[in-house]
Amino acid sequence: HPNELEGTVMSSYYLRGEDAEKHPVGSKLWEKYHKQPLSEMPDGYFIGLSIAEDFEAGLKIALDKVGYEKVDGEILLEAYQQLTGSNHRGGVAATCTYSPTNQRGAKEVKFYQIKDGKIVPISDWVEVPDAVSLHDFK
């Protein structure tokens with residue numbers, strides 16, 4: 001709904017719109033596995049890429065630690081908690097901040113705005129307050 005959303009501002013820890021279309025890895029993957037043109041790539045495509053990058057990095061740590069037969073949810077959680085500061089996402093999203101004391105995936109976002117029906121960046125990466133720590137996960 002480009003007309004209805006015109007002017008809307010949003011924040012995102014992963015690339016969107018024009019940034020996503022210009023990213024060499026994300027656009028290459030889209031073009032390799034999809035028949036639609038890059039302009040048809042869904043806005044959420046890069047959140048999937050960032051989740052896959054996190055899983056791959058965490059799984060590598062877990063496999064190195066215990067091997068294939070012993071990987072379980074607890075081992076993966078421990079592995080994810082070692083990802084803080086890692087740049088394994090290859091630029092598809094902000095730097096990972098998962099740790100034993102941090103449950104949010106990133107501390108930075110970019111701001112985007114709908115202009116002429118397109119999602120365009122209006123900021124670089126900006127550190128934002130941690131609202132996730134206000135939730136009780138227990």
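Bear in mind that the values here come from a model prediction, so they are computed numbers and not experimental data. Atoms considered below: every heavy atom in the structure, side chains included; atoms not considered: hydrogens, waters and symmetry mates.
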Are L77 and F55 grouped together when hydrophobic residues (ILVMFWY) are joined by side-chain heavy atoms under 4.5 angstrom apart?
no
Going by side-chain hydrogen bond (donor to acceptor under 3.5 Å, both in side chains), name the residues that satisfy it together with S27, two or more places apart in sequence or in a different chain.
none
Applied to residues 94-131, the ring-ring contact (aromatic ring centres under 6.0 Å, His included) test, sequence neighbours excluded, yields Y80-Y98
Residues in ring pair (Phe, Tyr, Trp, His ring centres under 6.0 Å) contact with Y13, at least two apart in sequence or another chain
none
If a pair satisfies salt bridge (Lys or Arg N to Asp or Glu O under 4.0 Å) and one of its residues is in residues 40-52, list it, with sequence neighbours excluded.
R16-D43
Hey, quick one: are I119 and L49 part of the same hydrophobic cluster, counting side-chain heavy atoms closer than 4.5 Å, chains of contacts allowed?
yes
Would a distance-only check, ignoring hydrogens and angles, find a side-chain to backbone donor-acceptor pair under 3.5 Å from E108 to V128?
no
With sequence neighbours left out, what residues match E78 under side-chain hydrogen bond (donor to acceptor under 3.5 Å, both in side chains)?
K65
Who are the ring pair (Phe, Tyr, Trp, His ring centres under 6.0 Å) partners of F46, not counting sequence neighbours?
H23
Do any pairs count as a salt bridge (Lys or Arg N to Asp or Glu O under 4.0 Å) and have a residue in residues 87-102, sequence neighbours left out, and if so which ones?
D54-R89
Sequence neighbours left out, what passes ring pair (Phe, Tyr, Trp, His ring centres under 6.0 Å) with H34? Give chain and number order.
W30, Y45
Could I get the full list of side-chain hydrogen bond (donor to acceptor under 3.5 Å, both in side chains) partners for T95, not counting sequence neighbours?
none
How close do V9 and I122 get, heavy atom to heavy atom, and via which atoms?
CG1-CD1, 4.0 Å
What residues form a side-chain hydrogen bond (donor to acceptor under 3.5 Å, both in side chains) with K110, not counting sequence neighbours?
D19
Residues in side chain to side chain contact (heavy atoms under 4.5 Å, CB included) with L63, at least two apart?
L59, Y68, V71
Heavy-atom closest contact (L76 atom, A62 atom, distance)
CD2-CB, 4.1 Å
Any residue meeting side chain to side chain contact (heavy atoms under 4.5 Å, CB included) with K118, in chain and number order, not counting sequence neighbours:
E18, V120
